[in-house]
There are 2 protein chains.
Amino acid sequence: MKGRGYKATPQRVAILEALAAEQHQSLDEIHAKCPHVGLVTVYRTLDLFSEIGAVRRLDLGDGSRYELAEAHHHHLICDSCGSISEFEGCPIDPERLDVEGGFEVRSHSVEVYGNCAECL
Amino acid sequence: MKGRGYKATPQRVAILEALAAEQHQSLDEIHAKCPHVGLVTVYRTLDLFSEIGAVRRLDLGDGSRYELAEAHHHHLICDSCGSISEFEGCPIDPERLDVEGGFEVRSHSVEVYGNCAECL
DNA sequence: AGCATAGTGAAAAATATTTTCGACTGCGAA
DNA sequence: TTCGCAGTCGAAAATATTTTTCACTATGCT
């Protein structure tokens, strides 16, 4: 279940379950789902998960949020209610990126801002 | 020079000049270019400039950065040295975004991660 | 020039994040 | 089983970041 050499402690399992319950949560929201785990451990564990690629950290302007790294997708952020949703159809073709000057592309992210169906 | 009803104070001019000197600076970098301006004023003024659309706030994972809102462009972030550069050819066609479910698109941003020419 | 009010700065408060360090746990070796 | 250790934990402290408060100042209008 875990990558090489990492222990599956109860705390880590709890945090993984919290992450599985909902995408793009803030650290506080995750911690609220397993309050018996120390806050520092939540920070540490999310760092660890990010490093091994199990979790992606999002910086969408309202503090860090975390999501399980599943299928490639991007985010829709509602200007009025702040809700975050996902869309799968990736509009970027890495091969065709018009990036001059020897920059070697590894990955990308796209954020789309506007208004969600509820707010309209 | 200013929008409706905003006073052109020396502090605001100094911050604008600091912004003009270099794109995507952190708040500290901006403050360092005009140390006689109070830190709180830098925060407040950048908020104001963002609200009136003169400045864009960037959240690229290493804290907020600010840039003058000029031509539409996106960012290239180097994984190894962290440098930020820009590219103009926008790969997104807002008309053709495959965004389901009644989301009304207003704007978007794209970040491309990889390695810059120097680091290669 | 005089006034009303937006704007400013210093300090304090509120938040957020990272570091430190002593204690605990499970595992392999003796 | 007992020892020792590496990895992990959590509380508190240290740092960093952002917001609030409030008395004072300076700008823009008349």
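Below, each value reflects all heavy atoms present in this structure, side chains not excepted, and no hydrogens, waters or symmetry copies. A note on names: the letters A, B, ... follow the listed sequences, proteins ahead of strands, and every chain is numbered from 1.
Regarding B/L46, its CG atom lies at a distance of 12 Å from the P atom of C/dT8, rounded to whole Å. In this structure, the NE2 atom of A/H36 is 13 Å from the C1' atom of D/dC9, given to the nearest Å. Rounded to whole angstrom, the span from the OH atom of B/Y6 across to the P atom of D/dC29 amounts to 15 Å. Rounded to a whole Å, the CZ atom of A/R65 is 12 Å from the P atom of C/dT17. As a whole-Å value, the separation of A/D62 CG from C/dA16 C1' is 14 Å. Distance CG (A/D28) to C1' (C/dA16): 9 Å, rounded to an integer number of Å. Separating the CZ atom of B/R57 from the P atom of D/dT17 is a distance of 14 Å, rounded to the nearest angstrom. Across the protein-nucleic acid pair, A/H31 atom NE2 and C/dT15 atom P stand 17 Å apart, rounded to whole Å.
Relative ring orientation between B/H24 and B/H75 is described as perpendicular, the plane-to-plane angle rising above 60° on a 0-90° scale split at 30° and 60°.
Distances shown here put a side-chain N or O of A/Y43 below 4.0 Å from the OP1 or OP2 atom of C/dT17. When the side-chain nitrogen and oxygen atoms of B/T9 are compared with OP1 and OP2 of C/dT8, one or more of them lie within a distance under 4.0 Å. For D/dG10, the OP1/OP2 oxygens have a side-chain nitrogen or oxygen of A/Q11 closer than 4.0 Å. For B/T41 and C/dT8, the shortest distance from a side-chain N or O to OP1 or OP2 is not below 4.0 Å. For C/dT8, one of the phosphate oxygens OP1 or OP2 lies less than 4.0 angstrom from a side-chain nitrogen or oxygen of B/R12.
Hydrophobic clustering (ILVMFWY, side-chain heavy atoms < 4.5 Å, transitive): A/F49 and A/V37 are in one cluster.
With respect to the salt-bridge test (charged N to carboxylate O, under 4.0 angstrom), the residues A/E22 and A/K33 qualify.
In this structure, A/H108 has its ring center closer than 6.0 angstrom to the ring center of A/H72.
Side-chain atoms of A/R44 stay outside donor-acceptor range of the base of D/dG7, with no qualifying N/O pair under 3.5 Å.
Looking at the side chain of A/K7, the nearest of the listed nucleotides D/dG7, D/dT19, D/dA26 is D/dG7.
Residue B/L27 is the one, among B/L27 and B/P10, whose nearest nucleotide of DNA chain D lies closer to the 5' end (criterion: closest heavy atom).
Panel note: side chain B/H31, backbone B/E29; no donor-acceptor pair is recorded below 3.5 Å.
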